2 protein chains.
Amino acid sequence: MTGANEVKRTMDSRITKALSNEDAPDLNLIELLFFAYRDFTADPDLILEKIDFGRAHHRVLYFINRKPGMTVAELLDVLKITKQSLARVLKQLIDTEHVVQVTGPRDRRQRELYPTAKGRELALALALPQSRRIAQALQESGPENRRAIESFLKAMVNPDQRAQIDSLPAAG
Amino acid sequence: MTGANEVKRTMDSRITKALSNEDAPDLNLIELLFFAYRDFTADPDLILEKIDFGRAHHRVLYFINRKPGMTVAELLDVLKITKQSLARVLKQLIDTEHVVQVTGPRDRRQRELYPTAKGRELALALALPQSRRIAQALQESGPENRRAIESFLKAMVNPDQRAQIDSLPAAG
DNA sequence: AAACTAAGTCAACAAGGCTGACATATTTTT
DNA sequence: AAAAATATGTCAGCCTTGTTGACTTAGTTT
């Protein structure tokens, strides 16, 4: 309320016209993606905080469940984080027996990552509210649009990384 | 030979079957949302890091541009963060003259937030790659599906918060 | 034997969330 | 008029999750 932050009135340089679709197309889709993703991730967050895990644990656990036997390098490539970042949460997932490591059969330097029964259960519990939200949204907006929505979201992904999606089972 | 191998097999608690759509429906949409959002936000990140801003600045600047004159409380409600978190980035946006504050005309406790020309320019520069990505994805997946995609994403948002979306101009 | 590779680890740092406590105007209620 | 409530700002400290850089160990490739 003092000096530096005082509101200036003499040089009124403010813009009062809203940024609109005329300035940049599809602003409504930009913010819909923001809101949809915000609420989509809020569901599992509620479960995670009860067991002192965060979103990082969720992502790691999710992909290990989606592709059991994934190596550390593969996981890093999917998540696009550094191995030091991964190490922190992966260690916790292993310590809490949600995930186990197995020395790679072909290349013994590699570590294959697998969920345990406990890890599978948690992954499912985290996926369920998201599944429900998606099912309800599909219902509400017309189930016949499913292919279109999948196709759009896939087209939003960088072309060189769509292979990652196809490498997951039953995700065609 | 019953030793190591035998023990390893019986104690082997790992799950090797991939989590699939049979376990929870729409896993493919769960990961598509993850990948799409990841790449969608990566575009503006490249611009932001050049000027030492982050995603938090982007979100604040975006909504101030979308609804000039927004108060601090409104912004907090949209972003779902605390005022302390907002203060940090908002202060920087004000100091760098991307945003100005004006004392509320009706209620003088309020601070209306407006972009400056500089702030509008930056918001546009950040929106453009996202607009392009969306336009290209719509093209690729069939422009006739636009309404369906908008409808789906809106249905993904918590019902009590869809009013936020409608309160933005030209976002019907 | 040497070079490369996969993974793990230590240390330090930054962004951007959070809580709690308190200050200052201003408006609303009593 | 006084008291209470509200909108905003600010100080201080904490947590998660990302980053870089340097180095180790084990195993594979050349």
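Treat the numbers as computed from the prediction; the structure is a model and nothing was measured. Chain A is the first sequence line, chain B the second, and so forth, proteins listed ahead of strands; every chain is numbered from 1.
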- [ ] Mind calculating the distance between CZ (A/R38) and C1' (C/dG17) to the nearest angstrom?
- [x] 15 Å

TODO: Provide the closest heavy-atom pair for B/F34 versus A/R59 in the form atom of the first, atom of the second, distance.
DONE: CE1-CD, 3.3 Å

TODO: Could you list the residues that satisfy ring-ring contact (aromatic ring centres under 6.0 Å, His included) with A/F53, not counting sequence neighbours?
DONE: A/H57, A/H98

TODO: Identify, between A/S85 and B/E112, the residue whose nearest nucleotide on DNA chain D lies closer to the 5' end.
DONE: B/E112

Task: Closest contact, heavy atoms only, B/I134 versus A/F152 - done: O-CE1, 4.1 Å

Task: Integer-rounded Å distance: C/dG17 P and B/L76 CG - done: 12 Å

TODO: Would you indicate what A/Q101 reaches in the nucleic acid, counting non-hydrogen atoms under 4.0 angstrom: base, sugar-phosphate, or nothing?
DONE: sugar-phosphate

TODO: Measure the distance from CG on B/L90 to C1' on D/dA7 and round it to the nearest whole Å.
DONE: 14 Å

Open item on the list: When you measure from the side-chain N and O atoms of A/T82 to the phosphate of D/dG18, is any distance below 4.0 Å, counting only OP1 and OP2?
Closed with: no

- [ ] May I ask you to say what B/R55 touches in the nucleic acid, namely base, sugar-phosphate or nothing, with a heavy-atom cut-off under 4.0 Å?
- [x] sugar-phosphate

Open item on the list: Protein within reach of the bases, or only the backbone? For nucleotides 21-30 of chain D, mark each nucleotide 5' to 3' as B, S or -, using heavy atoms under 4.0 Å.
Closed with: BB---BBS--

Open item on the list: Starting the side chain at C-beta, find the nucleotide from D/dT19, C/dA6, C/dG17 nearest to A/Q110.
Closed with: C/dA6

- [ ] Heavy atoms only: give me the nearest B/A18-B/D23 pair and the separation to one decimal.
- [x] O-OD2, 4.1 Å

- [ ] Could you tell me the separation between the CG atom of A/D52 and the C1' atom of D/dC15, rounded to a whole number of Å?
- [x] 11 Å

TODO: Take the protein atom CG of A/L93 and the nucleotide atom P of D/dT16, then report the distance between them rounded to whole Å.
DONE: 14 Å

- [ ] Rounded off to whole Å, could you give me the CG-to-C1' distance for the A/L75 and C/dA6 pair?
- [x] 14 Å

Task: Spacing of CD belonging to A/Q161 relative to CZ belonging to B/F35, to within rounding of 0.5 Å - done: 8.5 Å

Task: side chain to side chain donor-acceptor pair (under 3.5 Å) between A/E31 and B/Y62, worked out - done: CA-CA 9 Å; A/E31 59 221 23; B/Y62 180 88; 2.5 Å; yes

Open item on the list: If we count only N and O atoms by modelled type, under 3.5 Å, do the side chains of A/N28 and B/R66 hold a donor and an acceptor together?
Closed with: no

TODO: Specify the separation, in whole Å, of atom CD1 of A/I94 and atom P of C/dA7.
DONE: 12 Å

Open item on the list: Measuring to OP1 and OP2 of D/dT17, would you say a side-chain N or O of A/H57 lies under 4.0 angstrom away?
Closed with: yes

TODO: Check the distance between C/dG17's C1' and B/H58's NE2 and give it to me in whole angstrom.
DONE: 19 Å

